[in-house]
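Taking it in order: structure first as structure tokens, then the write-up.
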Amino acid sequence: MSGYVVLFLIAVTLASCTQKEESVKSVMDKTIAGLYRTMDSKQLSNLNYDQVMAMFSKEDHQVLATRHWMFTVNVPVVVSVMRSTEQKDLPFWLSESGFKKTALKMNNEQVTYEVWQKSFNAGKIGLGINGFENYMLHYFVSVAPQNKSDQLELSNFFPENQYVGVLEDSAFVYHDWDELVLRNVPEAMKGQKLLTTIRGRGTETHILGAFRTTDYPSSKTPDQVMLTWSSDASTGMDIQWRTDTTVAAGEVKYREKGGMLELTAKAQRYRMEDRVLMNDRYINRFTVQLRDLKPGTTYEYQIVPQTGWTENHTFSTAEADNSFSFIWFGDTHHSPKFGELHNIAEKAHPDAAFYSIAGDMVSDGLFRNQWDDLFEFSKDVISRKPMMNVLGNHDNRSGLGALMYRELFSYPKNGPVGVPPEHTYSFRYKNAMFLMVDVTSPIDIQTSWIEDQLAHTDATWKFVMFHFPPYNWEEPYFNIQKAWVPIFDKYHVDMVMSGHIHYYMRSNPMKDGKIVKSYNEGTAYVISVGIPTGPRTITDEPYAAVRNTDGDLYQYMKIDGNQLTYTAVNSANKLIDSFSIKK
Ligand SMILES: [Fe+2]
Ligand SMILES: [Fe+2]
């Protein structure tokens with residue numbers, strides 16, 4: 001079983017777990033609610049370990065000490081907890097529950113783990129939280145029968161779908177970083193049952209230095225107005241916005257631009273929470289899905305009760321012709337520099353029909369203040385042009401899932417089974433097909449979906465966007481090259497657009513990993529970055545046609561029937577790269 005599959009199962013289980021008894025989450029929710037009642041923002045920011053420990057009742061303390069990680073054993077066992085020596089605070093429950101530190105150690109390329117052990121009888125075993133600090137490398141666990149002849153069986157896991165491996169050198173521990181493998185496992189422990197985890201679980205109870213603020217808190221006035229498509233671009237448009245929680249309902253009034261006939265559509269409302277965002281913990285978000293629009297028509301809309309028709313609240317549906325342009329960016333990381341670039345790109349190319357970001361839109365996808373930044377910087381563009389983005393590793397952080405991304409963007413739910421809805425999707429714009437693939441989800445389970453999409457389209461142009469670039473100077477993704485490149489070759493994908501490595505590279509035409517004569521035969525693999533990056537030394541890439549290490553780029557692509565014109569431009573409007581394809 002692939003590590004990524006298990007990671008996804010764990011993330012889903014965590015999100016959907018409903019326990020009748022008090023859980024670690026319910027204790028933390030309750031405690032943080034209490035803190036908001038009694039402390040000001042300065043006190044919250046300066047909380048120390050002793051203050052935190054003093055907040056919990058005896059019962060809460062017990063929940064935190066035993067209900068973070070649970071399982072049942074059928075015979076008497078010794079449980080080993082491997083905890084990183086780099087973590088400042090020892091998990092509080094280890095000593096008090098009878099775990100003893102041993103002289104045993106093991107390591108990976110990052111840290112050394114000390115081994116704590118305790119004997120248990122057959123039955124239920126409950127382990128505690130990783131800690132209150134922001135420490136990612138969660139402890140992990142191995143289990144061995146006390147009597148070597150016993151057949152050990154583990155069951156009743158929380159979180160569910162626990163992967164059980166074998167403790168040995170080269171074993172992976174974290175499903176969201178399965179290249180980080182163990183070394184120097186003590187001989188005496190080799191062969192024990194290994195309980196793996198995800199790094200993000202290390203911060204589930206992060207509270208020390210965790211409290212944040214947003215520069216752009218919500219209010220009664222709708223803001224973060226954004227367009228996306230979740231249906232046909234010629235007849236549909238989704239409009240999203242947010243308010244504070246005093247606004248209970250929302251709707252959109254819309255009409256053909258300058259027309260007399262006004263229509264109304266009610267919004268779906270949902271509550272969004274960032275538990276440690278001090279000045280704006282809860283917001284209401286609204287989504288309206290407009291359908292049955294006229295193709296090739298410009299509409300204007302109002303968010304009720306906002307009044308007046310404004311130039312900033314208009315959009316156009318796709319016409320029946322095959323001429324259009326769009327703009328995409330590599331990593332943007334919620335930087336004000338990206339905001340400038342987005343507005344510069346729109347000014348230079350007001351004809352662009354929509355925008356895409358190839359992942360790493362923000363730097364921590366579970367910090368709502370970072371999304372607030374992104375939407376604020378781009379607000380004058382995204383209320384008029386759809387944002388059709390794809391997830392990067394920073395948006396789906398450390399295995400904890402991409403809940404905020406799913407809450408924030410309304411995208412087509414037409415992706416592969418096994419990948420959370422809206423993470424991977426396809427959409428059509430005129431004569432072009434766009435496959436937007438979540439490459440932080442397992443690669444292999446998406447392969448047949450990609451092939452199916454490519455095999456059943458009559459689109460002239462086929463574009464695929466995903467965050468990790470298969471070919472790059474630093475860290476080539478051989479798994480993607482192996483799984484997907486043959487399909488891109490078979491159905492002739494015109495361009496693969498990626499980010500992640502924070503530089504610019506456009507490949508020569510590539511087929512089967514080799515340079516071929518023209519883009520009519522091979523695919524262009526492009527990597528870009530939407531924020532400035534320092535110059536750096538990069539090693540040779542024989543397949544590269546153009547490279548640039550300064551960043552701060554947007555890619556403008558214009559399609560006219562069978563002709564594609566491509567330019568990569570920086571924020572000073574300097575041309576960095578251009579080429580064209582004629583079919
Ligand atoms: Fe990345
Ligand atoms: Fe990045």
Side-chain angles (χ1 to χ4, degrees), residues 3-4 7-8 11 136 174-180 198-200 328-342 355-367 369-371 373-374 377-378 387-405 408-409 419-420 423-424 436-443 446 464-481 484 496-505 525-536 538 541 547-555 568 570-571:
Y4 287 109
L7 145 72
F8 168 62
M136 274 292 177
Y174 303 109
H175 292 276
D176 56 309
W177 192 2
D178 55 9
E179 294 88 10
L180 187 69
I198 48 179
R199 285 181 298 153
W328 69 275
F329 306 94
D331 303 34
T332 56
H333 290 278
H334 81 100
S335 159
K337 279 283 173 197
F338 166 66
E340 284 170 30
L341 182 70
H342 201 173
Y355 287 86
S356 292
I357 301 172
D360 285 3
M361 295 167 259
V362 295
S363 296
D364 192 317
L366 295 177
F367 287 11
N369 51 306
Q370 297 195 0
W371 294 106
D373 289 348
L374 179 75
F377 301 148
S378 296
M387 281 263 265
M388 300 301 287
N389 302 337
V390 74
L391 279 169
N393 51 307
H394 281 267
D395 310 311
N396 187 3
R397 194 96 192 266
S398 304
L400 282 181
L403 178 64
M404 282 193 184
Y405 161 87
L408 291 167
F409 296 97
V419 175
H423 281 215
T424 290
M436 314 295 283
V437 185
D438 169 18
V439 83
T440 69
S441 282
I443 302 298
Q446 308 196 68
V464 184
M465 180 174 286
F466 53 84
H467 186 61
F468 296 150
Y471 302 101
N472 68 77
W473 75 272
E474 193 174 48
E475 188 189 359
Y477 285 86
F478 298 114
N479 56 341
I480 299 174
Q481 291 179 23
W484 296 351
V496 171
M497 302 167 236
S498 302
H500 188 56
I501 309 287
H502 292 209
Y503 77 126
Y504 179 83
M505 191 281 291
Y525 289 86
V526 184
I527 304 166
S528 190
V529 52
I531 49 173
T533 57
R536 56 183 175 152
I538 58 179
E541 292 174 272
R547 300 200 297 173
N548 179 289
T549 53
D550 296 334
D552 201 17
L553 300 172
Y554 67 85
Q555 290 66 241
N570 73 10
S571 63

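All values derive from a computational prediction rather than experimental measurement. Atoms within a ligand are numbered from 1 in the order they appear, just like the ligands themselves.
Within the 3.5 Å criterion, the main-chain N or O of Met361 finds a donor-acceptor partner in the side chain of Thr332. The backbone N or O of Asp360 sits less than 3.5 Å from a side-chain atom of Asp395, completing a donor-acceptor pair. Listed for the Thr424 side chain is a donor-acceptor partner under 3.5 Å among the backbone atoms of Asp438.
Glu340 and Ser571 share no donor-acceptor pair across their side chains, judged by distance under 3.5 Å alone. Donor-acceptor pairing under 3.5 Å is recorded for the side chains of His333 and Ser363.
Listed by chain and residue number, the protein N/O/S atoms under 2.8 Å of the Fe ion (ligand 2) are Asp331 OD2, His333 NE2, Asp360 OD2, His502 NE2, with waters left out.
Taking the six-membered ring wherever Trp is involved, the centroid distance between the rings of His334 and Phe338 does not fall below 6.0 Å.
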